[in-house]
Amino acid sequence: MRELIGLIAFIPLLSSVALILGAGRLSRIVIGCLGVGSVGVAALLTAAMGLDFLANPEPFQVTLWTWMQVADFAPGVAIYFDGLTLVMMSVITGVGFLIHLFSTEFMEDDISYARYFAYLNMFVAAMLILVMADNLLLLYLGWEGVGVCSYLLVGFWYQNSANGYAARKAFIVTRIGDTAMALGLFLLFTELGTLDIQALGVAANAKWQVGDNMPLLACMLILGGAVGKSAQLPLHTWLPDAMAGPTPVSALIHAATMVTAGVYLIARTHELYLLAPIAMIAVALVGLTTSLMAAFTALTQRDIKRILAYSTISQIGYMFLALGVGAWSAGIFHLMTHAFFKALLFLSSGAIIHCLHHEHDIFKMGGLRSRMPVTFWSFMIGSAALAALPMTSGFFSKDQILLQAYQMHGIGPWLWLGGLVGALLTAIYSFRLVFVVFFGQANTEPDKHTGWRMAVPLSLLCVLALLGGWIIIPVAEVFPVASDHHPAFWVEAVSIAVPLIGVAIAYLVFYSRQLRLEGLVKAPLMQKIQHFWFSGWGIDWLYDRVFVKPYYGLARVLKSEPVDALYNLIVRVNQSLNHWLSEGQSGQMRRYIASMVFGLIVLLAILVGVL
Amino acid sequence: MEGLNIPLNHILLVSSLLFAIGLLGLMIRRNIIFILMSLEVMLNSAALAFVAAGAHWGQPDGQIVFMFILSVAAAEVAVGLGLVLQVQRRFKSLDMDNADRMRG
């Protein structure tokens, strides 16, 4: 049984290769069966593996083969399986399967049906390699693999050059983080002599003390990689643009799985982070500022997918906050529940977009409640979970994060307060979306209705988003035990009340319109702030000025080859000298004579003058 | 002293005048025969200066050098006329401006 674990990653990979090789020869039915079936088989195998593991919770390691051997460095293609791996694999194959099924209807009319499923299967395979890897090198392979698939899928509709631009942006910005991460891996290898994750933890604890500089440096470099992949400040700008891809892709890659890879990486290397408390505070602060910034931005957006993208950034910020305060299992728990409800939200928005002639602007929707009931209830449940209303899955995970943040020594209560503000904003923007899209005046008439291949994944995800909070993830063995101490009652009460207040505000402003904000919104200062938030706090503008424009300028200067100019000057001087001297060789005797006479006269004049 | 008594300066003046005429001819004439003639004039102007100087100081050297110059001029004419024939044969003209194949 355990030897078969490699198959879970190889089946989607094989299917992807088959789809690429058979493109144009396979019928749509076969493509759909291959694409969805391979992930389905992987999900079944994962479930079997999970049941086996829960019955006998013993982590194990399988080495498939030695990848390469250079002196005493011999990384294997090896799999490490424990509770954390199981949670990640279940999310990837389970949610992945539902999204694949949804895609068969969403992408029905697309010409590049086979290409789509080939990329999507390749992504699942790479993501599985990422979470199953026993050493950081194999993890890095999966890490780059998902990056490439993300690039290919964001630019899936490549005929539109804006999509290609978004794909390039996603690829290049994450590459900045990946460079930092590669440096971190080099540092760990030179310092500790291994990249096996389990061995790293042992070696680091043996060699370093808590608070040393080396683990701090390594952790900050790894954090750089995580920040790039998980779209946190300051490398978050690629995610809103990555919404250019098909919506199921946004659900799978840019909400449920790939963007949470950074969270997984930090959780996986938590033994290093425990040695560097400053790095953990950095993780928490990055998470909190990102989550607040993205929440404010989401308040002002009009494009349904961009709102969800900023909300993803904000929620991953929460996960980072959890990791930073040492609430490892709460962070992973939120990763899982977020995968459920955010995939649900993206798929519902995909259904809306699919049925409304690819309309993205929420103010052109409206009144969809009665006409798209399945989608409405899915979206409602997803938003409730996102806003962390009591008893939904998001409530349990977010509550755990906030409470554990509160208990952190020192800045804990401040982090808790920031998290609360974020939770309030989350509730407001998610229910703003619900009230604007599904209630009020109908502005567009849907021209299609959702079929069973859309309805089934939506309903299953609804169940998960509602009840996912009751799942107990088997990560107790993986992470150090968090303090079981319960904070004061009022802290819990406030944490529960805040999302409800947010929903109430959204109701008053966007539904019953009893709270009229027009006067406030129209004020010049508010207009400016709104514009600032809408543009994502001007960070794209800033990067354009600080990095892109100067780079273009430099490229333009270098295009004329300024270094070669010096050598070209020497050449040109020589050429003109040559021209001038060869002019003197006219071959005409009379001119030679004349110049001799002239020289003689000059010489005589000098002699006479001198003497 | 017998005969004419012409001051040396006058003779040198005539000599340099002749030299200048020859030089000018060398510079402005294009016909190779005239160029050779101009050369003869220049040689003779130098010879005149030598003879006059020899006579002035009562030394025979001036006349000896004159003999040298005569023989040089004879040799020069022999070679020069050979060149004239070659120029005429190759360029079908006596214009020295046509003979500029050594142009750089």
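Quick note on labels: first sequence line is chain A, next is B, and so on, each numbered from 1. This is a predicted model, so every value here is computed, not measured.
- A distance of 12.5 Å separates CE in M27(B) from CZ in R591(A), rounded to the nearest 0.5 Å.
- Scanning all heavy atoms of the two residues, the minimum distance from D97(B) to R590(A) falls at OD2-NH2, 2.6 Å.
- Near-neighbour residues of residues 28-42 of chain B relative to chain A, defined by a heavy atom under 4.5 Å from a heavy atom of that chain, comprise I28(B), R29(B), R30(B), I35(B).
- Open room surrounds CD1 on I111(A); 12 or fewer heavy atoms of other groups in view lie less than 6.0 Å from it.
- Atom CG of N213(A) is surrounded by 12 or fewer heavy atoms from other residues, nucleotides or ligands within 6.0 Å.
- Residue-environment remark: CZ (F66(B)) stays at or below the threshold of 12 foreign heavy atoms within 6.0 Å.
- Applying the 6.0 Å contact sphere to OH of Y140(A) captures more than 12 heavy atoms from other residues, nucleotides or ligands.
- Applying the 6.0 Å contact sphere to CZ of F73(A) captures more than 12 heavy atoms from other residues, nucleotides or ligands.
- Counting heavy atoms of neighbouring residues, nucleotides and ligands inside a 6.0 Å radius, atom CD of Q63(B) does not exceed 12 of them.
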